[in-house]
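Before any comments, here is the structure.
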Amino acid sequence: MSLKSYLAKKFAKSIYRKTQIWANNPIQTQQNVFKELIRQAKNTQFGIDHHFDSIKTFEDFSKNVPIRDYEALKIYVDKVVQGEENVLWKGKPLYFAKTSGTTSGAKYIPLTKESMPFHIEAARNAILHYIHETGNADFVDGKMIFLQGSPILEEKNGIQLGRLSGIVAHFVPKYLQKNRMPTFETNCIEDWETKVDAIVEETSNEDMTVISGIPSWVQMYFEKLQQKAEKPVGELFKNFNLFIYGGVNFEPYRAKFENLIGRKVDSIELFPASEGFFAYQDSQKEKGMLLLLNAGIFYEFIKSEEFYTEKPKRYTIGEVELNVNYILIISTNAGLWGYNIGDTVQFTSLKPYRVIVSGRIKHYISAFGEHVIGKEVECAMKEAMENTSIQINEFTVAPQITPLDGLPYHEWFIEFEKEPANLVAFAEAIDAEMRLQNTYYDDLISGKVLRKLVITKVSKNGFQEYMKSIGKLGGQNKIPRLSNDRMIADLLKRE
């Protein structure tokens, strides 16, 4: 055992013990976070406008602070972007994480000196929990890579801005600098395909032990590695045993990854966003990710079916239930208040609180009242592929409301790596699972409002070409699992 791996194990034990303290006292931990957030922001413009000085309880807060998305909070964010101080949080932010907006164009999410450390510590602690549970720390002596955005930052009114992953790249601890791949110069390449080619050249002869990134883009990296080396990634990187990912569910990609690697490797799931680092997988044995209750974020939850009612009930951590679809609402030490990030979660455990990401509130299909969410289509795909040799690269689902003939249906666009011998039977298997997952969908099929789903095959690299055509190839961008319209579907049809 090397000195570095020995020290990593010692550090992992210490962090695990600290985690247990707040994880075993969840309600008090969140109450402490809530009080501290209100105290520190009561003299900001937002705090004054929303009477923070009179807020003593969560009930006070929910009366004074409505639920908002970015567009609704933009009037305050614009002031911060223009250089004003003490608007949403005390002083000015350290950075803006720039993300793609929908109706508002570019979004500028503030990162403050109070919030930034939690982004770094959460990623670190996820790895340390893995070390503590498994005893595996040998990988710390090898090379590590995170496929991320460019670390080159712009400046706006004295505040630096860039992609979150690019900002985080500036905070890699010194003890990991020698292990970190790729080089800074390669990381700065903007064109994704050129960047991946350069990463392949730099890493193919290295002892890569940890690889991290969004599965769809890591898959591209693996495919290029395999093409260059003419051997599985696991043979090329004999000590590669840990894959760290976030952003999308890994299950639809797992079979393809095992084929590319040539063996199974352990994985750690993360739940990061520009707005905060919310959860990470703390155990290889338990389902879900540990919700970070002590990370400068106060959480609220709204049942997804109640979200569009006039006054939906806002639940706190002590009121949530297992297996209910909740919209995640946050208030943070970066100055986001009653903020709807757009993600939906379900709790898999209440002791401690663990979650899975079940989808996006804007990514659903309910063209006929079926209320299909991302978790359901991913589960149906996983079950249909179970114990088969079928492998997929990517998929998305859209409604077909006005078919040329017959009843409407859900159209599944799938890019296969290994196709099923019988496509019709595979579609039947997915459809059967969907009907088990969603009773509304089952009723629509039974009532002959919808016919069974239809699979449309997407050509090799079709999804990559689609992302390239809309300027979102690589980085933290990802294909929505489902849409309630035909925008993506119609573009894929043209490929």
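One-based numbering along the sequence shown.
Atom-to-atom distance recorded for S331:OG and F61:CZ is 3.5 Å, nearest 0.5 angstrom. If you take CD1 on I55 and CD1 on I38, they are separated by 4.5 Å, rounding to the nearest 0.5 Å. To the nearest 0.5 Å, the span separating CG on L111 from CE on M116 amounts to 5.5 Å. Interatomic distance, NZ of K74 versus OH of Y108, reported as 9.0 Å (0.5 Å rounding). Here T134 contributes atom OG1 and K285 contributes atom NZ; the two are 9.5 Å apart, rounded to the nearest 0.5 Å. Taking CE of M220 as the start and CZ of F463 as the end, the distance is 13.5 Å to the nearest 0.5 Å.
Without hydrogens or angle criteria, T396 side chain to P480 main chain gives a donor-acceptor distance under 3.5 Å. Side chain of E36 to main chain of V33: no donor-acceptor pair is present (N/O by atom type, distance under 3.5 Å, no hydrogens or angles). No donor-acceptor pair closer than 3.5 Å links the side chain of Q20 to the backbone N or O of R17. A donor-acceptor pair under 3.5 Å is absent between the side-chain atoms of E269 and the main chain of Y280, judged by distance alone. A distance-only check finds no donor-acceptor pair linking the side chain of T186 to the backbone of P182 [under 3.5 Å]. In terms of modelled atom types and a separation under 3.5 Å, the side chain of H129 and the main chain of N125 share a donor-acceptor contact. Between the side chain of Q30 and the main chain of L293, a donor-acceptor pair closer than 3.5 Å is present. Between the side chain of R354 and the backbone N or O of L291, no donor-acceptor pair lies under 3.5 Å. No donor-acceptor pair under 3.5 Å is formed between the side chain of N136 and the backbone N or O of I131. Between the side chain of T112 and the main chain of N333, a donor-acceptor pair closer than 3.5 Å is present.
Not less than 6.0 angstrom separates the ring centroid of Y339 from the ring centroid of Y70. Ring centroids of F413 and F395 are separated by 6.0 Å or more, keeping the two rings apart. Between F243 and F257, a ring centre-to-centre spacing shorter than 6.0 Å is recorded. Remark: aromatic rings of F277 and F118 are distant, center separation not under 6.0 Å.
Annotation: cation-pi geometry not satisfied between K303 and F307 (NZ/CZ under 6.0 angstrom from ring centroid, within 45° of ring axis).
Ring geometry for F46 against H50 counts as parallel: the plane angle stays under 30°, on a 0 to 90° scale with 60° as the upper cut.
No salt bridge links D60 with K56; every basic N to acidic carboxylate O contact stays at or beyond 4.0 Å. A salt bridge between E190 and K195 is absent, with no side-chain N of the basic residue lying under 4.0 Å from a carboxylate O of the acidic one. With respect to E394 and K256, no salt bridge is recorded, no charged nitrogen being found less than 4.0 Å from a carboxylate O. Using a 4.0 Å cut-off between charged side-chain N and carboxylate O, K90 and E85 make no salt bridge. With salt bridges taken as basic N to acidic carboxylate O contacts below 4.0 Å, none links K468 and E465.
Residues N241 and F139 are not in side-chain contact: their nearest non-hydrogen atoms beyond the backbone lie 4.5 Å or more apart. Counting heavy atoms from C-beta outward, I199 and K224 have side chains that stay 4.5 Å or more apart. Counting only heavy atoms from C-beta outward, the side chains of Q28 and Q31 approach each other to under 4.5 Å. In this structure the side chain of L225 reaches within 4.5 angstrom of the side chain of S204, judged on heavy atoms.
Counting only N and O atoms by type, the side chains of T309 and E306 include no donor and acceptor under 3.5 Å apart. Checking N393 against Q219 by side-chain atom types alone, a donor-acceptor pair falls below 3.5 Å. Looking only at atom types and distance, the side chain of Y221 has a donor-acceptor partner in the side chain of T203 under 3.5 Å away. Side-chain contact, N239 with D207: a donor N or O sits under 3.5 Å from an acceptor N or O. The closest side-chain donor-acceptor pair between D141 and S2 falls under 3.5 angstrom. If you check the side chains of D78 and Q82, you find no donor sitting under 3.5 Å from an acceptor. With hydrogens and angles left out, the side-chain atoms of K4 and N179 include a donor and acceptor closer than 3.5 Å. In this model, no donor atom of one side chain and acceptor atom of the other lie less than 3.5 Å apart for T344 and S304. Of the N and O atoms on the side chains of E114 and W89, at least one donor lies less than 3.5 Å from an acceptor on the other residue.
Atom NZ of K313 has more than 12 neighbouring heavy atoms from other residues, nucleotides or ligands inside a 6.0 Å radius. Remark: F58 CZ is packed, more than 12 non-hydrogen atoms of other residues, nucleotides or ligands lying under 6.0 Å away. For H51, the NE2 atom counts as loosely surrounded, since its 6.0 Å shell holds 12 or fewer non-hydrogen atoms of other residues, nucleotides or ligands. Within 6.0 Å of atom CD1 in I75, 12 or fewer heavy atoms from other residues, nucleotides or ligands are found, so the atom counts as exposed in its surroundings.
Checked against salt bridge (charged side-chain N to carboxylate O under 4.0 Å, His left out), E286 has no partners two or more places apart in sequence or in another chain. Evaluation of the salt bridge (charged side-chain N to carboxylate O under 4.0 Å, His left out) rule for K42 yields no partner, not counting sequence neighbours. In this view, E84 satisfies the salt bridge (charged side-chain N to carboxylate O under 4.0 Å, His left out) rule with no residue, not counting sequence neighbours. By the side-chain hydrogen bond (donor to acceptor under 3.5 Å, both in side chains) test, S283 pairs with E133, sequence neighbours left out. Qualifying side chain to side chain contact (heavy atoms under 4.5 Å, CB included) partners for D49, counting only residues two or more places apart in sequence or in other chains: Y76. Looking at residues two or more places apart in sequence or on another chain, you find a salt bridge (charged side-chain N to carboxylate O under 4.0 Å, His left out) between E378 and R481.
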For this session: Could you walk me through whether I127 and I244 pass side chain to side chain contact (heavy atoms under 4.5 Å, CB included), step by step?
Result: CA-CA 9 Å; I127 297 173; I244 303 173; 3.8 Å; yes
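When all heavy atoms of M289 and Q281 are compared, the pair lying nearest together is CG-N, 3.6 Å.
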